[in-house]
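This report concerns only the one structure given below.
For clarity, every value in this text was computed on a predicted model and none was experimentally measured.
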Protein chains: 2
Amino acid sequence: MTGTTENQQAVRRSDATRAAILSAARERFASDGYERATIRAIARDAKIDPSMVMRYYDSKAGLFAAAVAIDPGLPDLPVEPREAIGRTLVSHFLTLWEENGELTALMRVAATDPAAAERMQSVLREQLIPLARQVGPEPEQAQARAALCASTVLGLALTRYVLRFPASMALGREEIVDWLGPTIQRYLTAPTP
Amino acid sequence: MTGTTENQQAVRRSDATRAAILSAARERFASDGYERATIRAIARDAKIDPSMVMRYYDSKAGLFAAAVAIDPGLPDLPVEPREAIGRTLVSHFLTLWEENGELTALMRVAATDPAAAERMQSVLREQLIPLARQVGPEPEQAQARAALCASTVLGLALTRYVLRFPASMALGREEIVDWLGPTIQRYLTAPTP
DNA sequence: CTGGACTGTCAACAGTCGTTGGCCTACAGT
DNA sequence: ACTGTAGGCCAACGACTGTTGACAGTCCAG
């Protein structure tokens, strides 16, 4: 056991270093992608030796996994009133992306790494499809409806946070909710066209 | 001059090799992204020596530029009837993406390479914004409307061709046009919400 | 005070990458 | 037939990568 207490969760002296590594890794992965974000560069940012990264996170893949571990927390969304679910979802996703830079990193990497793509898909499978089944008509169409919602939301994230199109970054938060809200609402609740 | 004819466009003996390199490069870039698609692997696929790639395309960057040179050809789209522009655009984009695998390669690379991202943005700037200015009300909002359309279409391409979400790949062509068509139509022609 | 575990540094390994230059072969123009 | 040039292969360079092991200082428990 380490630390000054006998608590089950020990406070290690290296926690600050671990956090510095993780923070630097998130920035580098988000801006450079997986391959171009080198362990040496991350270590330089965190002002430690590259070998420390290996000691604390085993490998580059392990570091990435730790850096993008995040929970979108969709299940806690208020489903009522049902006619506002579209705007609620869009608004929730906007804050999620703006608060967590690791989502940009995850998406940049997912573009070329199947494992990261699978991780993004799990959000759709475990959170968006159940939600579509819950609020939409014809539960057997929940897959299609959820896929459309994912494409809408991820499309905005792509042009705004990953590709950084000026025209997309210029959109105001309210503007986005006003335009995308009804779209999501229709995908989730409208009858099949 | 080379070749058996005196035409202004000489037929070089190496044209077959050039084409083989370009084809192999498109496949590798599309499936692996820029960094993981090595010149050695591309050369192996094309059954030639890696140094030939350098001879014909100068560098890896030059090869990539040649591999993703493509014209979306939006300007020739029929604008009439105006109430069908949404479905027309979606349908056009679908065939475009399904016929040209290099678009997937371009998007995969654009996720981490600013130059490729700029190239994607140029489509929006030079083709989508003018179209929005042409068919939509309030021309000063053409930027925002075009950005929303780009996010819609690229979002579908992302989930369907890049991330390959099963739920998105399961959507039929008609289904996509039926759902996304009205969305694009609204983004382009509806009054500001 | 002392031993051992923890935090950190340094140098090096083995592999891969893009890229280069030399060399051989085969074809085309004269 | 002869020769210059283009097509192609081979071996190697230098740089950079993830990863490893040996070594030094630091802290805490006994």
Inset, instruction - State, yes or no, whether a side-chain contact exists between A/Trp179 and B/Arg186 at a heavy-atom distance under 4.5 Å. - result: yes
Inset, instruction - Would you indicate whether the side-chain heavy atoms of B/Ser151 and A/Leu158 approach each other to under 4.5 Å? - result: no
Inset, instruction - Step by step, work out the side-chain contact (heavy atoms from CB on, under 4.5 Å) result for B/Arg36 and B/Phe29. - result: CA-CA 8 Å; B/Arg36 309 178 65 159; B/Phe29 281 134; over 6 Å; no
For the side chain of [X], counting heavy atoms from C-beta on, which of [options] is nearest?
X       : options               : answer
B/Ile39 : D/dT19, C/dG18, C/dT9 : C/dG18
B/Met52 : D/dC9, D/dT19, D/dT20 : D/dC9
B/Arg40 : C/dG8, C/dG18, D/dC9  : C/dG18
B/Ser51 : D/dT19, D/dC9, C/dT9  : D/dC9

d([atom1], [X]; [atom2], [N]) in whole Å:
X       : N      : atom1 : atom2 : answer
A/Asp49 : D/dG21 : CG    : P     : 15 Å
A/Leu63 : D/dG18 : CG    : P     : 10 Å
A/Glu35 : C/dG18 : CD    : C1'   : 15 Å
A/Arg55 : D/dG18 : CZ    : P     : 19 Å
A/Ile48 : C/dC6  : CD1   : P     : 19 Å
B/Met54 : C/dG21 : CE    : P     : 11 Å
B/Arg36 : C/dG18 : CZ    : P     : 13 Å
A/Tyr57 : D/dT19 : OH    : C1'   : 18 Å

Legend entry - Base D/dC16 to side chain A/Thr38, donor-acceptor N/O within 3.5 Å cut-off: no
Legend entry - Salt-bridge contact B/Arg87-B/Asp178 (side-chain N to carboxylate O under 4.0 Å): yes
Legend entry - Lys/Arg N to Asp/Glu carboxylate O, A/Glu140 vs A/Arg133, below 4.0 Å: no
Legend entry - Cluster overlap B/Tyr161 with B/Ile70, hydrophobic side-chain contacts below 4.5 Å: yes
Inset, instruction - State the dot-bracket string of DNA chain C. Criteria: Watson-Crick or G-U wobble, both atom distances under 3.5 angstrom; notation: ( ) intrastrand, [ ] crossing earlier pairs, | interstrand, . unpaired. - result: ||.|||||||||||||||||||||||||.|
Inset, instruction - Considering just the side-chain nitrogens and oxygens of A/Thr17, establish if one lies under 4.0 Å of OP1 or OP2 belonging to C/dG8. - result: yes
Inset, instruction - Taking atom CZ of A/Arg164 as the centre, report whether more than 12 heavy atoms of other residues, nucleotides or ligands fall under 6.0 Å from it. - result: no
